[in-house]
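Inspection log for the structure reproduced underneath, given as structure tokens.
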Amino acid sequence: MSILVDKNSRVLIQGITGKEGTFHARQMIEYGTPIVGGVTPAKGGQDYLERPVFDTVVQAVEATDANVSIIFVPPAFAADAIMEAADAQIALIVCITEGIPLADMIRVKQYLKNRNSRLIGPNCPGIITPEEAKIGIMPGFIFKKGRIGIVSKSGTLTYEAADQVVKAGYGISTAIGIGGDPVIGTSTQKAVALFMKDPETEAIIMIGEIGGMLETQAARWIYETGNKKPVIGFIAGKTAPKGRTMGHAGAIVGGKDDTAEAKMKIMQDCGLYVVASPAEIGMTLAKVLP
Amino acid sequence: MNLHEYQGKDILHSFGVKVPMGIVVLTPDEAVSAAEKIATESDSSLWAVKAQIHAGGRGKGGGVKIAKSLDEVREKSSQILGMRLITPQTSKEGKLVHRVMIAQDVYYPGASAPKEYYVSMLMDRTKGKNMIVYSSQGGMDIEEVAEKNPEKIFTEEIDPAFGIRDFQARKIAFYLDLNGKAFKEFVCFIKALYEAYVASDASLFEINPMLKTSDDQIMAVDAKVVLDDNALYRHSEYAAMRDTDEEDPAEVEASRAGMNFVKLHGNVGCMVNGAGLAMATMDMIKLSGGSPANFLDVGGTADAERVEKAFRIILKDESVCAILINIFGGIVRCDRVAQGIIDAYNNMKESFSVPLIVRLQGTNAEQAKNMINQSGLRVHSVITLKEAAEKIQEALS
């Protein structure tokens, strides 16, 4: 089993004919992801990468029964693309786009409130269930199938974690990159909750960074619900200076409860296995799993 | 993007937010004529001379002074212009002051005593909504108020679908204990301020102090404005307000090359792909007994040109005594990155005096390691993070 996506997903690519969209569409198709079509306004009616292209998401859904959409649309139009997917009742929307204005995301968040779509991202590497569906920009070969769930704000740290999991002799049920922006669709806690419910996920790796309270919330939730599965946690940014944005728009040290140390302390108090360096993820996993 | 006080106030003013009359000048002569102009137009007989730099706490560092005569305007502005202003928010070298603002005095005596308040607007990340933070304890460091009198700080959440409503503006005014004309003025002030916040795509407005004058006017005496970089494409007039003199030259150079660089004060330079891995690499340098000299996310395409540019930026910092490259090659293959590193290194061999540790992991990592080992360069090539940490320790000892 896995969470959110598997070989039965029916995936649409918004922005399929763009440069990024094309490159990653090819990679996803090669991986075996069930890509059923693409959307590019005013390019509907043609075939692209042997998939039908539609003008609107709603037409694409009618024709293909798509239930997942991945968005490679430039930042100025990405918020609109997310709303269009939600309007067309897409169950899972994955937005890769980096650099969406904050005000646009506040509006998106509002728009999604009374709708049935879940958003992952934006500014994220996407989601992968190994050997079934890669819906994102991650290098697929690192991820081998298994029983460890990964949730992370960072792309390359997700790859790092996956690589160590595999080298330690385990595999991954699903890995989700939730994104490093201040406003995102799926929080750390929501992702962790899905893994806790998944019977085939045995342990969870939770990677966060400075900025915001997502990891703290997740840690408290894990504790309050009885630490049902072992969770290994890491927070990047212990050495980040206060008040500077470190690459990700959301990675900025705020008040004194918002430092890497403060978060790691809370995670530890909540019964998570906190590692001081991502280099220790693999060996810690070997220690906590029978 | 951070703005200067005068730029922030220009934006506020353009949305009908009341600010004291102020003129920005570059020389003491201009300061005196600005003061004369303000005197004729506002019958102010005192002036504030305020350094314009991107940092708070200017008053504490001697960057804000009151002048009681035109002679004093000249004297104080000569003192401030060209000084290196050190405040609790600058580095210990301080910031060079290029401009001062001559501002009208708004603390004049009158029917009631002038009173300072605190108002800010920002996004509440947990809720994904904007909020207004306010307090009757204006004019001081809000973090200090939060520590000592947290009960004196209030917040008001704004529904993104409806914006600020009248009842909310009134509620804040009641909590701040305003009445009569000041109450009415405040309601207009806060609504205009929120409109400016939204329309300019700001990520922070901090008005500290907001002043109730002795004749019950409400105005923004200071303004810290931060705009959302991601939204600047739709505000070319604000994008033009960027003052690169206020930024670190290495950071400006890196951002022109499309890289994300933050200067720090350590001894180990680093070059990494991905923001999260870059931060984790900095932390690892610290765990290994060093201290990171920078944050640098080179992005997805680590080709020779980019690597060389990054090397040059890192090597400008004389305290750097080792460089660590940490790339997780996914879609970009490690052998190509390795070739980029080898080419860049060869191009600038003469300027390379510090040890280089290269950690390439991911697609074709072994092949990349062999390429670097056979290149004849004085480079330590490793594959795991643990090995990289050990090499840093070695290089520093």
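Chain identifiers are assigned alphabetically (A, B, ...) following the order of the sequence lines, protein sequences preceding nucleic acid strands; residue numbering begins at 1 within each chain. Because the structure is predicted, anything quoted here is derived from the model rather than measured.
- Ranked by heavy-atom pairs under 4.5 Å with chain A, the first of B:S203, B:G128, B:A161 is B:G128.
- Electrostatic pairing of B:R256 and B:E247 does not count as a salt bridge here, judged by no charged N lying under 4.0 Å from a carboxylate O.
- Ranked by non-hydrogen atom pairs under 4.5 Å with chain A, the options B:Q361, B:K286, B:Q89 are led by B:Q361.
- The pair B:K386-A:E280 does not count as a salt bridge, with every side-chain nitrogen at least 4.0 angstrom from each carboxylate oxygen.
- With a 4.5 Å cut-off on non-hydrogen atoms, A:A260 does not touch chain B at all.
- Proximity to chain A is absent for every atom of B:E387, based on heavy atoms less than 4.5 angstrom apart.
- For A:E209, the part sitting under 4.5 Å from any heavy atom of chain B is the side chain, from C-beta outward, and nothing else.
- Contacts of A:T158 with chain B are absent, with no heavy-atom separation under 4.5 Å from either backbone or side chain.
- Using a 4.5 Å cut-off between heavy atoms, A:M105 makes no contact with chain B at all.
- Taking the centre and axis of the six-membered ring of A:F23, the NZ or CZ atom of A:R26 falls outside the cone set by 45° and 6.0 Å.
- Between B:E157 and B:K127, at least one side-chain nitrogen of the basic residue sits less than 4.0 Å from a carboxylate oxygen of the acidic one, meeting the salt-bridge criterion.
- Salt-bridge formation is detected for the pair B:R234/A:D104: a Lys NZ or Arg NE/NH1/NH2 atom is positioned less than 4.0 Å from an Asp or Glu carboxylate oxygen.
- The residues B:E366 and B:K369 are annotated as not salt-bridged, no charged nitrogen and carboxylate oxygen being separated by less than 4.0 angstrom.
- If you measure heavy-atom distances from A:L214 to chain B, you find no contacts under 4.5 Å at all.
- Both the backbone and the side chain of B:F328 come within less than 4.5 Å of a heavy atom in chain A.
- Of the atoms belonging to B:D228, it is side-chain heavy atoms, and not backbone ones, that fall under 4.5 Å from chain A.
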Handout entry: Evaluation steps, side-chain contact (heavy atoms from CB on, under 4.5 Å), between A:T259 and A:I210
Key = CA-CA 6 Å; A:T259 62; A:I210 46 162; 5.7 Å; no
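- A:I207 does not touch chain B: none of its heavy atoms, backbone or side chain, sits under 4.5 Å away.
- In terms of heavy-atom pairs under 4.5 angstrom with chain A, the leader among B:H265, B:R359, B:M284 is B:R359.
- Both the backbone and the side chain of A:I106 have a heavy atom closer than 4.5 Å to some heavy atom of chain B.
- Side chains of A:L119 and A:V108 form a contact here, defined as non-hydrogen atoms less than 4.5 Å apart.
- Ion pair B:D159/B:K129 not flagged as a salt bridge, since none of the NZ, NE, NH1 or NH2 atoms sits closer than 4.0 Å to an Asp/Glu carboxylate oxygen.
- Heavy atoms closer than 4.5 Å to chain B are found in the side chain of A:F234, but not in its backbone.
- Of the atoms belonging to A:Y159, heavy atoms from both backbone and side chain fall under 4.5 Å from chain B.
- Aromatic ring pairs are classed by plane angle as parallel below 30°, tilted from 30° to 60° and perpendicular above 60°; the pair B:Y197 and B:F205 is perpendicular.
- Interface residue B:N260: only side-chain heavy atoms are found under 4.5 Å from chain A.
- Among the candidates A:R107, A:R244, A:H248, the residue making the largest number of heavy-atom pairs closer than 4.5 Å to chain B is A:R244.
- At a threshold of 4.0 Å, the pair A:E131-A:K144 does not count as salt-bridged, since none of the basic side-chain nitrogens sits closer than that to a carboxylate oxygen.
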